[in-house]
Structure formats: C-alpha cells, structure tokens
Amino acid sequence: MITQQRKLQVLFMCLDNKRISIELASSDIKDESRLALTFDKSPMQLRSIVVTDPNGSVMNLFLLNPKFGAKIDSEVFVFQDPNRRRKQR
C-alpha cells in the first residue's frame, strides 16, 4: 500500500441545483497536476473526472450509465507491463 499525505488547495468550486464541481491541486508542490471532479447532486454520483498534468495535457473521464453492484472479474485490473522482458524458455 502506498500512502501520501499532501495538503490540497481548492482552486475552484461551483454549486448549482443539479451539480457540484470542484478543482483541486496540491498546495505543497507548484506546477503539479490538477484534479477536477463533477458530481450530480441527486442522487449524489460522481459524473466526471478531469486530470490536467503539469505540462497542461488534459485527460477527461466521463462516467455514463454506471452500473452499481455488478461483479467484475479481478483479471480486468491486472496490469501487464509491456516493458517487462519475457522469460526465455
């Protein structure tokens, strides 16, 4: 398990009748990535994640039609390192 404790700074927050949006960044390290989260208010659900890296590249992740309580095979989350050398047989 990896644990890190950092101080987060709220850069932006918006509340309206339907959504809550918040943008966070580390207050300890300058020029670090930013994380923006958008939630639907009723019912409270994470709707989108936007990650901005220190170079300004943006990755958007939208959660559309989420399924709750579904069984997911553990093999779905196994990372196969493409740089790892295969054992010689």
Side-chain angles (χ1 to χ4, degrees):
M1 178 193 300
I2 299 172
T3 59
Q4 294 182 0
Q5 292 186 3
R6 293 188 180 175
K7 295 178 184 176
L8 292 177
Q9 178 181 11
V10 176
L11 302 176
F12 172 81
M13 187 165 164
C14 178
L15 302 164
D16 64 27
N17 291 338
K18 295 183 179 183
R19 293 199 172 88
I20 301 168
S21 298
I22 186 166
E23 185 173 356
L24 305 166
S26 173
S27 59
D28 296 339
I29 303 170
K30 292 184 178 183
D31 298 328
E32 190 165 318
S33 299
R34 295 187 317 271
L35 178 68
L37 305 169
T38 301
F39 298 89
D40 284 343
K41 282 176 105 173
S42 182
M44 180 66 103
Q45 284 184 308
L46 179 62
R47 189 50 66 191
S48 69
I49 302 169
V50 179
V51 178
T52 306
D53 74 12
N55 296 322
S57 296
V58 177
M59 180 187 71
N60 293 288
L61 173 67
F62 297 96
L63 305 173
L64 305 173
N65 300 319
K67 294 181 182 177
F68 300 96
K71 297 211 180 229
I72 300 173
D73 186 347
S74 63
E75 293 294 316
V76 170
F77 297 102
V78 174
F79 175 71
Q80 299 291 333
D81 186 351
N83 297 318
R84 192 172 126 205
R85 291 184 183 173
R86 295 178 188 217
K87 292 183 179 180
Q88 299 291 331
R89 293 186 181 185

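Below, each value reflects all heavy atoms present in this structure, side chains not excepted, and no hydrogens, waters or symmetry copies.
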Worksheet item: Can you check whether Leu24 reaches Val10 side chain to side chain, under 4.5 Å on heavy atoms?
Response: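 They are in contact (side-chain heavy atoms under 4.5 Å apart), so the answer is yes.
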Rounded to the nearest 0.5 Å, how far does [atom2] of [Y] lie from [atom1] of [X]?
{"X": "Glu23", "Y": "Leu8", "atom1": "CD", "atom2": "CG", "answer": "12.0 Å"}
{"X": "Asp40", "Y": "Leu63", "atom1": "CG", "atom2": "CG", "answer": "10.0 Å"}
{"X": "Leu37", "Y": "Leu61", "atom1": "CG", "atom2": "CG", "answer": "10.5 Å"}

Hydrophobic cluster membership, [X] vs [Y], 4.5 Å side-chain cutoff:
{"X": "Met59", "Y": "Val50", "value": "no"}
{"X": "Ile49", "Y": "Met44", "value": "yes"}
{"X": "Leu35", "Y": "Val58", "value": "no"}
{"X": "Ile22", "Y": "Leu46", "value": "yes"}
{"X": "Val51", "Y": "Phe39", "value": "yes"}

Worksheet item: Which atoms form the tightest heavy-atom contact between Leu64 and Arg47, and what is the distance?
Response: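 The pair with the smallest heavy-atom distance is CA-NH1, 4.4 Å.
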Discussion item. If I compare all heavy atoms of Asp53 with all of Asn55, which pair ends up nearest, and what's the gap?
Written reply: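 Nearest heavy atoms, Asp53 then Asn55: OD1-N, 2.8 Å.
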Worksheet item: Ile20 and Lys41: side chain to side chain contact (heavy atoms under 4.5 Å, CB included), yes or no, with the steps?
Response: CA-CA 7 Å; Ile20 301 168; Lys41 282 176 105 173; 3.7 Å; yes
Practice prompt. Go through the steps to decide whether Phe12 and Arg34 satisfy the test side chain to side chain contact (heavy atoms under 4.5 Å, CB included), and finish with yes or no.
Written response: CA-CA 11 Å; Phe12 172 81; Arg34 295 187 317 271; over 6 Å; no
